[in-house]
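All remarks here apply to the structure that follows.
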Number of protein chains: 2
Amino acid sequence: MLRNALRAGNVQNRKSYLYLSVRHTSATPKRRSKVLTTETMHPLVRHMEYAVRGALPMRAEALSKQLATDKSLGFERVVFCNIGNPQQLNQKPITFFRQVASLCENPELLKPSNRETVLKLYPADAIARAELLLKHIGSVGAYSHSKGIHHIRENVAKFIEKRDGYPADPEHIFLTQGASAGVHTVIQILTQNHKSGFLIPIPQYPLYSATLALVDATQVPYYLNESKDWGLEVHDLKKAVDKARDNGADMRALVIINPGNPTGQCLSIENMRDIIEFCHNERLVLLADEVYQTNIYKPQSRPFHSFKQVLSSMGDKYNDQELFSFHSISKGMIGECGRRGGYVECVNIDDKVMDQLYKIASVSLCPNVQGQILVDLMTNPPVSGDESYPQYQEEVDAIYQSLIRRSTKLASCFNSLEGMTCNEAEGAMYLFPQLTLPQKAIAAAKEKGMAPDTYYCMSMLEATGVCVIPGSGFGQVPNTWHFRSTFLPEEHLFDTFCTDLEKFHKNFMAKHKD
Amino acid sequence: MLRNALRAGNVQNRKSYLYLSVRHTSATPKRRSKVLTTETMHPLVRHMEYAVRGALPMRAEALSKQLATDKSLGFERVVFCNIGNPQQLNQKPITFFRQVASLCENPELLKPSNRETVLKLYPADAIARAELLLKHIGSVGAYSHSKGIHHIRENVAKFIEKRDGYPADPEHIFLTQGASAGVHTVIQILTQNHKSGFLIPIPQYPLYSATLALVDATQVPYYLNESKDWGLEVHDLKKAVDKARDNGADMRALVIINPGNPTGQCLSIENMRDIIEFCHNERLVLLADEVYQTNIYKPQSRPFHSFKQVLSSMGDKYNDQELFSFHSISKGMIGECGRRGGYVECVNIDDKVMDQLYKIASVSLCPNVQGQILVDLMTNPPVSGDESYPQYQEEVDAIYQSLIRRSTKLASCFNSLEGMTCNEAEGAMYLFPQLTLPQKAIAAAKEKGMAPDTYYCMSMLEATGVCVIPGSGFGQVPNTWHFRSTFLPEEHLFDTFCTDLEKFHKNFMAKHKD
């Protein structure tokens, strides 16, 4: 400021120079550095990355705001394919679930004096379920038990028993604020020091890398094999563990995402047995992220099996294998992401460790009760014979069939494009196509200081309004380029969505033709 | 097992001895140690303590279960006074809030075809509010912006402006899963290493000590002065900071809980100015836990002022003083603890630090949307002229007046007892009486391996079913003994509650008379 004033010839004499100088000095204390800056903050937080909500989504958000007043962008809306968030893209919630949740919110509706009116709006089984839940909960506005409402944990245990054919104990189940919160707590407790090592898949859902960065644990990547439908090979796990141990890691756990995110593969039962045996031999706790367990698109050839089930089927030798299994209300045909609900089942976990998990849970008091209610409904939905069953089944089927159609359509679209190959989704909500980019595109990216896949995704966003996430956010084999897209845009808009992507891709490839 | 078999004379020859021995050996691998034990887990988690849900509440939970089948305990129910959880003790939720929340849950109710029926159950302003919220939210089942829904943050900013008379920026507001989650994130980001020091009050709400233990920061206690209504003296803060610095601490922040928990005091505006000046001189970020800001029981002599307001009133010199102010839907007259909602306002915080806070928030995706909706309703309730205003105001007033009556009654009860003195509550939901215990009680506690206040509280629980928390869970001057009790039991049961406590106390003192 002073220098500008001098340059502009505004300083006519020494006095005014001094005046300016004094002003400058007296202003200084106001601009003293902050106590809390990116230099003085927690270094692990600074170094953590989280691409699913990184540069692309932030630009998408800005464009979305801009669209409110500016119609010149060349697209009418931003399509958020960066995150599995079905209801953001207008997937209708399951009616029965919302009916029960709204009755629990407003117990006035359950008063006998309102029954006649309420029966015009609600089926009797939704009313009965809400009454049953409130009997056990009291009020959705009260803190619950820090592990979650006991009645709901009992229902979760029954669900697991029915799914797997093996017993489950409500005391080994913790309800959580989404699977993410459960994963965070388990990774935290497993981290004894910075040498504590965790095998994580590459590509991976960045919750894992972000959480490991935050607790300062050692990330030990293992690659999924793209040419074998993103399969997992145990000898690769073994190599990764041996190498990490040579480098001083104290290997603690193996993270498996099944069905895969972002890769969509679904493990075979034989593969799962090998993985469990590997963990058992290597003394690794198994973290099974099974949040996509009902998003299964090739149920004949690739049905879902839980790790709990496969472990339980392997006999006494393995009955000390420690396993945490995570589930969520955010995925499947439910998609109730915004409620933040889920659970973790602790299998063969030391009782005293579960006491410690309970202690951690108690510091955040309890998972939110409406999230817990949805866990109850997910694990204990209407059954054949119930008044609400036909509608429930119809809604679930419609979403499921539509997801299959959309996943197939998007994979075909990607595979039809020059320089793009894409495995079909066996499960989950994503495709993770590989891009072979022309040298000119790679050079253009470099010029903009971006990774080539980031440049491609940013170009797509600017041209079409479609927000996807570059492969670098998930990890990929060096010098390969990918992106992750959900296949969640609404079905009646899906052809347009595919056409927009095709058109963009062709333009991009033409523009950067070598 | 083998030794017993030998003793019992069951081993008739070497072969059967070997057989037993082999069985023993073959069983060993099944019982090999777990990978994850309390010895191998995260040491900071192991060392963390959290008394509000510690030994007392766990015993209370066990007694509560026992009561279901066993009527011989001498009391009919467990009364949970260990935690500020009003709706657990049957405080009725605010009707308008629940109406809006339930309409947002079940948007089918908002269809024109249902309007006539719905108007029999809901006032028009609740319907209008739900429609407005859903217009901005989309679906409560979708992940929102990680900082929270923008429309709701705008309402929070307006609320703060109206409360304080100074501007607030929605971009500086983060909605959180209860105040606890906000406190955790802010403490985490402020912790550069284990030398990072935080001044915390003694007695304190153990969220602070637990979180600081978990992030491995340095706790620097300062005492509140019981003989001066739990007042805070700046020269004590100064002494504590100087001493901590001498010991190598890098002092970062001062935590103030106002109104106090567990101590119930409400700071004067003069005291707050001194505290801000102290923080400014000492380069400390101020963490203001203001969740009890509407629980003010002596509004004439001790009105609530926010730290944001007082800071803003102090002029330009202080406009670089960094402040985080926390608020919650769990307290006040609302008591919606189970929903997990709250916010933190960042005042004079570096923009790049707020970007980092946004990044952390994005890893857990978003605060639950129903919690966010309640933040909207808390900060933007019905106003005079609205259809729902009279009922809203009546409900809030009834709870407020009842809290004043109950707090006064419980303080009188405590002060009438031999060996007990208790400051009246100026705010919050708790009393923190001091106990002078006979030597025999102290000896009896020692014999049981308990602190004297724990022994007193455990005896109270076993005799009356009333669960309170010993002072050692909050911190207290060495060799003084206290406990924290809420004054939340229902008013129609309150006389019985007081009588039970009196009777217990007299018996306890008679039993342990020196």
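As the structure is a prediction and not an experimental result, all values here were calculated from the model. First the proteins, then the strands, lettered A, B, ... as listed; each starts at 1.
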Who among [options] has the most heavy-atom pairs with chain A under 4.5 Å?
{"options": "B/Val369, B/Val45, B/Asp350", "result": "B/Val45"}
{"options": "B/Glu49, B/Gln91, B/Arg252, B/His150", "result": "B/Arg252"}
{"options": "B/Thr117, B/Val363, B/Leu190", "result": "B/Val363"}

Lys/Arg-Asp/Glu bridge criterion (N-O < 4.0 Å) met for [X], [Y]:
{"X": "A/Lys120", "Y": "B/Glu116", "answer": "no"}
{"X": "A/Glu39", "Y": "B/Lys352", "answer": "no"}
{"X": "A/Lys34", "Y": "B/Asp320", "answer": "no"}

Using non-hydrogen atoms and a 4.5 Å limit, figure out which bit of [X] sits close to chain A: side chain, backbone, both or neither.
{"X": "B/Gln99", "answer": "both"}
{"X": "B/Ser364", "answer": "backbone"}
{"X": "B/Leu89", "answer": "neither"}
{"X": "B/Ser330", "answer": "side chain"}
{"X": "B/Phe324", "answer": "side chain"}

Name each donor-acceptor pair under 3.5 Å that joins a side chain in residues 179-186 of chain A to protein atoms two or more places apart or in another chain, with its distance.
unit_1   : atom_1 : unit_2   : atom_2 : d
A/Thr185 : OG1    : A/Ala181 : O      : 3.0

*When you measure from the side chain of A/Lys359 to the backbone N and O of B/Arg46, does any donor-acceptor pair fall under 3.5 Å?*
yes
_Counterpart residues, side chain to side chain contact (heavy atoms under 4.5 Å, CB included), relative to B/His194 (two or more places apart)_ = B/Asp216
*asked:* Rounded at 0.5 Å granularity, tell me how far CD1 in B/Ile137 sits from CD in A/Gln87.
replied: 12.0 Å
*Hey, are the side chains of A/Val140 and B/Gln370 touching, using non-hydrogen atoms and a 4.5 Å cut-off?*
no
